[in-house]
There are 2 protein chains.
Amino acid sequence: MDDLESEPSPDGLRTTAYALLGLLLFREETSGYELKQLADRTLRFFWFSPAMSQVYSELQRLLEAGLVSARRVPGPGRGRTTRLFRITPLGRARLVRWLEASEAEFPILKHSVALRLFFGHLTGAPHARELLQGYAERLRERISELEAIRAAIRDDPELGYPAMVAEWGLRYYEAESAIVRDLARRLAGDTAHEVPSTSQAADPSPE
Amino acid sequence: MDDLESEPSPDGLRTTAYALLGLLLFREETSGYELKQLADRTLRFFWFSPAMSQVYSELQRLLEAGLVSARRVPGPGRGRTTRLFRITPLGRARLVRWLEASEAEFPILKHSVALRLFFGHLTGAPHARELLQGYAERLRERISELEAIRAAIRDDPELGYPAMVAEWGLRYYEAESAIVRDLARRLAGDTAHEVPSTSQAADPSPE
DNA sequence: TGTAGCATGTAAGCCGTTACATGATTGA
DNA sequence: TCAATCATGTAACGGCTTACATGCTACA
């Protein structure tokens, strides 16, 4: 089982650091705050959106490694200063090297809905159906969000790759919706017997 | 942004602890070692398979909370002892309560292939295509593994829910395969211009 | 003879989170 | 006037991983 789990690259930087570094490519200069917002609109859909505090700490690390530069500017807020970050040529080169030299890990899915369905015999078909319906609902929200984003970037020729990823996400969500719908339907037929299993269940896998 | 990130339940146990606890339902008694193997064949596909050391520490925690019991038996290996764990009635009750009382989080996806594709303009269409083809290859492996598992559990009436999850996984992988195939095809048309973007790219999202 | 599998753990460390601390501006 | 937004961080903690430590049995 050599599922190379995001080995720390020679730079000592993790995938998340490179992800944030890459986002800087799409901006001239950004504050940490703004970068977090950008992550919420992009990374969130296929990686994850780091906490505000992590954004700052990753930026600090990238700064120390020379992959980004920073300058302080006043405001907004009279006494306060804002730090604006920018990717350096070295940063860009390192990002490219990382993309070319390192292997992509197989995607990691933490799917708590599937996990709960796995134990469905404990709570019964009606509960499982509600679980799936709740998930379907949240999927619809996600789809709306992502559709809005895709519509906004669709025709920008500079954003072909982000657009592909957005489409990937949409098709993924739509596949999920279809599967969930089918499973819920199948459970509807079973609704008769509630929480049927009192006995110890059998082995879920053969020897 | 209230994406309730796996809040520690009143028990102080995380999802992973409940996941392992739930796996014990499918066995009379297991060693930590065997539980890890079971996790590799089940949890891995929709949650993640914890490291060996984590399996032991979660079991220890569950033991202290009285949700599992343990007994030591000799062997195999003359001087060595094996600890066999078993879910307690309390454990089962707590698992049910957790399933019923807590909300399922929206699935978390760490998709490094999509992340890399997002930055595809840095490495060019041929590289992106290779990335997708490599992923497609690994997807095929996963599909084979999961198909074998599904075939083995398919007709056991006690394992209806695990079978549903296996099917979910298969359909998910098949959707991924289809999307990846289409994206790779689209990139094939673009192969002419290698690494086209030297200029700073534009904003990936509208103001 | 050596390596893979069975079996159990401890220790160190990083990744990422929540909670905390601070403070100005804008708009309801 | 009160909340939201902009903006920057620090501290504490938990989850999970890798590395380390140990040793037997079966098999090639």
Side-chain angles (χ1 to χ4, degrees), chain A residues 1-9 11-20 29-40 43-44 47-61 63 70-85 105 108 110 112 207, chain B residues 1-9 11-20 29-40 43-44 47-63 70-85 105 108 110 112:
Chain A
M1 208 102 338
D2 56 342
D3 237 325
L4 31 140
E5 278 291 333
S6 75
E7 66 227 64
S9 67
D11 309 65
L13 297 174
R14 297 301 185 128
T15 304
T16 302
Y18 284 110
L20 290 171
E29 257 187 340
T30 61
S31 66
Y33 189 88
E34 201 191 341
L35 184 59
K36 161 69 175 160
Q37 291 182 307
L38 182 55
D40 284 339
L43 279 191
R44 181 161 68 100
W47 187 246
F48 76 98
S49 196
M52 201 60 249
S53 62
Q54 199 190 353
V55 172
Y56 285 113
S57 56
E58 296 291 0
L59 281 170
Q60 193 55 38
R61 211 175 305 187
L63 190 61
R71 68 188 181 104
R72 264 183 207 283
V73 295
R78 220 136 289 277
R80 309 282 295 175
T81 60
T82 298
R83 281 222 290 182
L84 296 178
F85 297 88
E105 307 112 57
I108 293 164
K110 286 182 113 174
S112 74
E207 218 52 31
Chain B
M1 207 104 331
D2 55 345
D3 235 326
L4 31 140
E5 277 290 334
S6 74
E7 69 229 62
S9 69
D11 309 63
L13 296 174
R14 298 302 182 126
T15 304
T16 302
Y18 284 110
L20 290 172
E29 256 186 342
T30 62
S31 65
Y33 188 90
E34 201 190 340
L35 184 58
K36 161 68 174 162
Q37 291 182 308
L38 182 55
D40 284 339
L43 281 191
R44 182 161 68 101
W47 187 246
F48 76 98
S49 197
M52 203 58 251
S53 62
Q54 199 190 354
V55 172
Y56 285 114
S57 55
E58 297 292 1
L59 281 170
Q60 193 56 38
R61 211 176 305 188
L62 289 167
L63 190 62
R71 68 187 181 103
R72 266 184 205 282
V73 296
R78 220 134 291 273
R80 310 284 294 174
T81 62
T82 297
R83 281 223 288 182
L84 295 178
F85 296 87
E105 308 112 58
I108 294 164
K110 287 183 112 174
S112 75

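In the text below, chain A, chain B and the rest are named by the order of the sequence lines, each starting its count at 1. Keep in mind that what you see is a predicted model, and the values were worked out from it rather than measured.
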Please confirm whether the shortest side-chain N or O distance from B:Tyr33 to OP1 or OP2 of C:dC6 is below 4.0 Å. yes
Set of residues satisfying side chain to side chain contact (heavy atoms under 4.5 Å, CB included) with respect to B:Phe48, sequence neighbours excluded: A:Lys110, B:Thr16, B:Pro50, B:Gln54
Quick check for you: among D:dT17, C:dT8, D:dA7, whose closest atom lies nearest to any side-chain atom of B:Phe48? D:dT17
In whole angstrom, give the distance that lies between atom CD of A:Glu58 and atom P of C:dG16. 7 Å
Who are the side-chain hydrogen bond (donor to acceptor under 3.5 Å, both in side chains) partners of B:Arg83, not counting sequence neighbours? B:Gln60
Rounded distance in Å - CG (A:Leu35) to C1' (D:dA7): 13 Å
What residues form a salt bridge (Lys or Arg N to Asp or Glu O under 4.0 Å) with A:Lys36, not counting sequence neighbours? A:Asp40
Select from B:Ser31 and A:Arg61 the residue whose nearest nucleotide in DNA chain C is closer to the 5' end of that strand. B:Ser31
Phosphate oxygens OP1/OP2 of C:dG9: is one of them under 4.0 Å from a side-chain N or O of B:Arg83? yes
Is the shortest side-chain N/O distance from A:Arg72 to OP1 or OP2 of D:dG9 below 4.0 Å? yes
Is the phosphate of C:dA7 approached by B:Gln37 (side-chain N or O, under 4.0 Å from OP1 or OP2)? no
Respond yes when some side-chain nitrogen or oxygen of A:Arg14 is under 4.0 Å from OP1 or OP2 of C:dG16, and no when none is. no
Within less than 4.0 Å of OP1 or OP2 of C:dG5, is there a side-chain N or O belonging to B:Lys36? no
Kindly say if A:Thr16 contacts the phosphate of C:dG16, meaning a side-chain N or O under 4.0 Å from OP1 or OP2. yes
Separation of C:dT17 P from A:Tyr56 OH (nearest whole Å): 15 Å
Interatomic distance, OG1@B:Thr30 vs CG@B:Leu20, rounded to 0.5 Å, equals 9.5 Å
Would you say B:Gln54 places a side-chain N or O within less than 4.0 Å of OP1 or OP2 belonging to D:dT17? yes
Could you state the atom-to-atom distance from CD of A:Glu29 to P of D:dA7 in whole Å? 13 Å
Quick one: CG on B:Leu62 to OG on B:Ser57, what's the gap to the nearest 0.5 Å? 9.5 Å
Angle separating the five-pair end axes of the helix from C:dT1-D:dA28 to C:dA28-D:dT1, nearest 10°, is 30°
Could you check how far CD of A:Gln60 sits from P of D:dA7, rounded to whole Å? 18 Å
Length of the CE-P vector between A:Met52 and C:dC15, whole Å: 18 Å
In whole angstroms, how far is the P atom of D:dC16 from the CG atom of B:Leu59? 14 Å
For A:Phe85 and D:dA7, give me the distance from atom CZ to atom C1', rounded to whole Å. 11 Å
Does A:Lys110 place a side-chain N or O at less than 4.0 Å from the phosphate oxygens OP1/OP2 of D:dG15? no
I need the B:Thr82 OG1 to B:Arg71 CZ distance, nearest 0.5 Å. 10.5 Å
Residue list, side chain to side chain contact (heavy atoms under 4.5 Å, CB included) with A:Ser53, at least two apart or on another chain: A:Ala51
As a test of reading the structure: which of C:dC15, D:dT10, D:dA7 is closest to the side chain of A:Ser53, going by heavy atoms? D:dT10
